[in-house]
Each structure stands twice: as structure tokens, then as C-alpha cells.
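Take a look at the structure set out below.
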Protein chains: 2
Amino acid sequence: MTEAQPEGAKRKGGAKKAPPRFSREQADVRRSMLIEAAARCLSVGGIGAFTIDRICKEAGVSRGLINHHFESLDGLLVEVYKSSLYASVNNQIAEAKRRRAETSDWPPEAALAALVQSNFAPEYFSRENLLIWLSLWGEIAVNPRLKEAHRELYDAYRAELAEDIAAVAVQRDKQVDAPALARNFIALVDGLWLEWCLDESVVTPQAAEAAGFEMLEAQVGPLRDS
Amino acid sequence: MTEAQPEGAKRKGGAKKAPPRFSREQADVRRSMLIEAAARCLSVGGIGAFTIDRICKEAGVSRGLINHHFESLDGLLVEVYKSSLYASVNNQIAEAKRRRAETSDWPPEAALAALVQSNFAPEYFSRENLLIWLSLWGEIAVNPRLKEAHRELYDAYRAELAEDIAAVAVQRDKQVDAPALARNFIALVDGLWLEWCLDESVVTPQAAEAAGFEMLEAQVGPLRDS
DNA sequence: TCTCTTGTTGAACGACCGTACAACAAGAGA
DNA sequence: TCTCTTGTTGTACGGTCGTTCAACAAGAGA
């Protein structure tokens with residue numbers, strides 16, 4: 001496969017030239033391809049499968065390309081982590097803000113309910129990302145740069161959630177420690193997701209969603225219809 | 001250090017023989033030493049530090065000893081995981097049972113409160129074990145043998161917790177889904193512990209304990225004094 | 001003191017790791 | 001069509017990995 005194909009390629013009498021052996025991509029495009037391939041390796045085999053050989057094979061490129069586009073393999077790992085963090089947390093915040101901006105006449109409980117439900121959508125509440133998040137957490141605990149990124153993103157998400165909680169509480173004249181409740185809610189979601197990933201017989205995504213709503217409703221009253 | 005010491009060792013005229021180059025241990029003792037050293041490596045450097053060289057150096061033995069006492073490095077990893085699982089989960093269950101057996105005249109809420117509090121004791125609610133648990137969870141997701149061990153232990157712990165919850169609920173004439181509440185409580189504890197490990201500014205162990213009690217008290221009534 | 005069992009050692013091996021780098025060629029612009 | 005830029009390739013290298021195994025020696029029993 002790596003061998004140059006001699007027959008037909010250099011032939012003068014033939015009509016066609018040999019097909020290109022590879023295609024050139026813009027640096028940004030290739031970087032994204034490598035980050036996605038690396039994330040796939042990480043999610044399937046954990047950090048043990050995060051090697052130059054496997055990632056390049058997964059991306060369909062040669063061994064030298066990672067060190068051309070990234071300072072090192074660790075640099076790629078950091079990019080994968082950043083990408084995962086932004087993809088999950090930032091997206092949820094952006095969606096919440098968009099909902100509130102587009103439909104400013106929504107009742108506060110509708111915005112909060114939508115934000116709660118998004119946590120349990122298959123896109124986020126997915127077993128696929130377990131190994132990525134486990135190694136990501138392990139790296140956050142060790143790498144100050146990632147710790148800072150994690151702190152900022154989670155603070156932003158927690159603040160967004162607390163804001164939505166407070167809006168409901170204020171309207172209903174309830175005394176609620178919104179930041180603490182938001183923090184506990186996130187912990188509950190993470191814990192339930194983890195339990196579900198490790199043993200799917202313990203809890204279903206539906207039961208997890210119900211538990212999440214129950215925690216909030218115990219303090220701010222009903223959030224769901226019916 | 002690895003060099004044999006020629007002077008003084010083989011000397012015939014001297015009074016003393018050379019000191020032993022190593023000490024022989026019973027297989028069980030040596031296995032435990034290796035498991036503990038391996039756990040130390042894992043907790044400090046994550047799965048990346050789980051290598052023959054580092055573990056043997058940590059244990060103060062030669063490179064060949066791991067493969068003598070364990071079928072492979074993976075076999076040692078499984079033993080470390082089993083040891084961690086049993087040490088944390090089984091201990092809590094045993095303590096709970098012992099409390100109930102020794103002091104059968106305790107009110108049910110005292111037993112439940114003690115079980116709740118044990119989760120937040122420094123022994124368990126410790127940042128030291130983060131990297132061990134992250135890699136352990138990653139292995140549980142992949143290794144059927146460990147998945148089974150995890151399921152059994154967590155089922156037992158959840159059942160113990162649910163039993164204590166139900167005892168309080170029955171005495172107080174409250175309708176409670178004890179198994180679901182126990183499952184949610186464990187998820188909350190795991191989630192808060194994780195948040196605390198990753199960013200200690202988010203929550204303190206005291207606040208985490210308060211959140212745990214609040215979740216239970218919302219359904220079964222007061223559990224703490226005052 | 002001697003013998004024997006067996007826990008322990010440490011070198012050797014092949015496999016795989018991440019990185020560096022010289023050669024190559026794709027494709028845009030002249 | 002030709003030139004030049006630069007994305008891409010693939011080999012080579014030193015280091016580390018897990019495993020094997022022949023030799024060694026600690027220490028109990030005779």
C-alpha cells in the first residue's frame with residue numbers, strides 16, 4: 001500500500017496521470033481532522049490508544065503529520081480536551097442564551113426546564129464519551145492550563161444555571177441558594193451519568209432526568225408540565 | 001547500588017558475613033507490598049506511571065518480581081482495582097452493619113446519619129484517590145470481570161443505604177422510593193467529590209456533606225441534631 | 001553444618017513509543 | 001507549461017515498555 005505503483009503510473013503512452021497519492025489540506029482543516037481522529041481513538045481505547053501510530057492510521061495520514069501540525073503529541077491531547085470541553089459545556093450555555101434571546105417572552109421555568117433537559121439528551125448523556133472524560137478529568141487534576149480552562153467553563157455553566165434557577169425562584173417568591181443548587185445539580189448529573197456508564201442497569205436516562213428535576217423542584221416548585 | 005560490594009563482603013578474616021542483599025517474604029506479603037506500591041504509583045502519576053520499572057522501584061524490589069507474583073502487569077492492575085473497590089465500598093458496608101449489630105438500640109436515623117457522614121470522612125472523601133478511581137472506572141467500562149465486581153459491590157452498598165433509608169421512612173410514616181433515593185445520593189456524592197477534586201473552590205467537604213443530608217432530609221425529614 | 005526449596009535478581013530480547021528530518025509532490029500562481 | 005511554496009511522506013533513531021529466564025542466594029529443615 002505504501003509502495004509506489006510503477007505500472008501505469010509513469011507510462012508515457014497512457015492517457016491519464018497517476019492519481020494523487022495524497023491531498024493537501026489547509027492547516028486548520030487538517031488540525032481538525034487530527035483532533036477528531038484522536039478523540040475517536042481516546043474514546044475507544046482510552047489514553048492507552050492515544051498514540052501517534054493509531055491516530056494517524058485513524059485519520060488516514062502518515063506518521064509525520066502530527067508533529068508537523070502540533071508541537072507534540074501532548075499538544076494534540078490538550079487540543080482534544082479543549083475541544084471536548086467547549087463542545088459540551090459551551091454549547092449548552094450558548095443554546096441557553098439563544099433560547100432566552102430568541103424567545104424573551106418565555107416563562108423562566110421553560111428556559112430552566114430546557115436547560116435541564118439538554119443535560120440528558122443523547123448528545124451529552126452518552127456512553128461514548130466516558131473514556132474521553134475520564135482521561136480529561138485526570139489531566140485537569142494535573143495540568144494547570146486545563147484546570148484553568150475547566151474552571152472557567154464550569155463557572156460559566158454554573159452561573160448560567162444559577163441564573164435560570166434564581167429567575168424561577170424570584171418569580172415564585174422562594175428563598176433559594178441558587179449557586180449551591182446549581183452546583184449540586186451538576187454533581188448529581190455527573191454522578192448519575194457515571195453510574196449509568198459503568199452499569200446501565202442502575203439507572204436509565206429517563207430516571208436520571210426525573211431525579212434531576214426532582215432535586216430542583218424540591219426547592220423551586222414544579223418545572224414540568226402535567 | 002546494584003553492584004556487588006567486593007570489599008568486606010567476601011573477606012575471610014573479618015568477623016561478620018556480608019549483609020543479606022534482599023529479604024525473602026511470603027508470597028502473600030510480597031503480593032500485598034506490590035499492590036500497595038502499584039496503587040501509590042497509580043495515584044501519583046495515573047495509568048501512565050503504572051509501569052514495571054516504576055512500581056518495582058517504588059516497592060524496592062527488582063524488575064522480575066512482578067511477573068513472578070502476578071501473571072502479568074494487567075493482572076496486578078486488576079488486583080489494585082479489586083483492592084481499592086473492597087477497601088472503600090466494603091469497609092463502609094461492614095462498618096454500617098457493625099454499628100447496627102453492636103448498638104441495636106440506636107434509632108434508625110442515627111445509623112443512617114453515620115453512614116451518610118462516613119462518605120465525607122477524609123479517609124474516603126480524599127483527593128489522593130482521584131487518579132486511581134478515574135483509571136478504575138475506565139477499566140470497569142472495558143473489563144467484564146471488573147464490571148461484575150463493581151456491580152456486586154455497588155449493589156450491596158446501595159442496598160445497605162436503601163435499607164437504612166427505608167427504616168427511617170417507615171418509622172416516620174413517609175412514602176419514599178428508597179432504592180432510587182439511595183442511587184441518587186450515591187451519584188450526588190460521587191459528583192460532588194469529583195467537582196471538589198477538580199476544583200476545590202467549587203465546594204468544600206462540609207458543604208458536600210450538607211448537600212448530601214439535604215437530599216435525604218427532603219424526603220425523610222431531619223437526620224441531624226439541632 | 002549441610003542440603004534443598006524457592007523467592008529474588010538482573011540482563012537480554014523484541015515490540016512499540018515519540019520525535020526529527022530529508023525527500024517528495026500537490027497544487028496555486030506566474 | 002513552468003516554478004515555487006509548503007503540506008505530506010516515511011524512514012531512522014534513541015528510549016522505554018512488558019516479558020522471559022538462567023543464575024543466585026536466603027533461610028528453613030535435617
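Note that the coordinates shown come from a computational prediction; the quantities given were computed from them, not determined experimentally.
- A close approach under 4.0 Å does occur between a side-chain nitrogen or oxygen of A:Arg30 and OP1 or OP2 of D:dT8.
- Using a 4.0 Å heavy-atom cutoff across all strands shown, B:Leu65 reaches at least one base atom of the nucleic acid.
- Rounded to whole Å, atom P of C:dC17 lies 15 Å from atom CG of A:Leu76.
- When the side-chain nitrogen and oxygen atoms of A:Arg24 are compared with OP1 and OP2 of D:dT6, none of them lie within a distance under 4.0 Å.
- Between the P atom of D:dT8 and the NZ atom of A:Lys57 lies a distance of 20 Å, rounded to the nearest Å.
- Counting non-hydrogen atoms under 4.0 angstrom, A:Phe50 reaches the backbone sugars and phosphates but no base.
- Side-chain contact between A:Asp199 and A:Glu195 is absent, with no heavy atoms from C-beta onward closer than 4.5 Å.
- The B:Ile52 side chain lies nearest to D:dG18 when the options are D:dA25, D:dG18, C:dT19.
- Across all strands shown, the partner of D:dT20 is C:dA11, judged by Watson-Crick or G-U wobble contacts whose two distances both fall under 3.5 Å.
- Side-chain contact, B:Glu128 with B:Ser43: no donor N or O sits under 3.5 Å from an acceptor N or O.
- Residue whose closest nucleotide on DNA chain C sits further toward the 5' end, between B:Glu25 and B:Arg63: B:Glu25.
- Across all strands shown, C:dC4 is found opposite D:dG27 as a Watson-Crick or G-U wobble partner, with both distances under 3.5 Å.
- Residue A:His69 places at least one side-chain N or O closer than 4.0 Å to OP1 or OP2 of D:dT8.
- Considering only heavy atoms from C-beta on, B:Leu161 comes within 4.5 Å of B:Leu112 through its side chain.
- Summary of the strand contacts: B:Gly64 and A:Ser23 both lie near DNA chain D, and taking for each the nucleotide with the nearest heavy atom, the more 5' one is attributed to A:Ser23.
- Here the options are A:Ile66, A:Val80, A:Leu65, the test is side chain to side chain contact (heavy atoms under 4.5 Å, CB included), and the partner is A:Ile55; only A:Ile66 passes.
- Atom pair A:Phe22:CZ and C:dG27:C1' shows a separation of 10 Å (rounding to whole Å applied).
- The CD1-P distance, from B:Ile66 to C:dT8, rounds to 13 Å in whole Å.
- When distances are taken from the side chain of A:Leu73 to each of C:dT19, C:dG7, C:dA26, the shortest belongs to C:dT19.
- Distances shown here put every side-chain N or O of B:Ser62 at or beyond 4.0 Å from the OP1 or OP2 atom of C:dG10.
- A:Arg54 places its CZ atom 10 Å from the C1' atom of C:dC16, with the value rounded to the nearest Å.
- Atom-to-atom, CG of B:Asp53 to P of D:dG18 comes out at 7 Å; the value is rounded to the nearest Å.
- Side-chain atoms of A:Asn67 lie closest to C:dT19 of the nucleotides C:dT19, D:dT9, D:dA25.
- For A:His68, a side-chain nitrogen or oxygen approaches OP1 or OP2 of D:dG7 to under 4.0 Å.
- As rounded to whole Å, 17 Å separates atom P of C:dA26 from atom CD of A:Gln26.
- Annotation: side chain of A:Tyr154 is not in contact with side chain of B:Leu198 (no heavy-atom distance under 4.5 Å).
- Geometrically, B:Arg100 does not engage B:Trp106 in a cation-pi contact defined by less than 6.0 Å to the ring centre and at most 45° from the axis.
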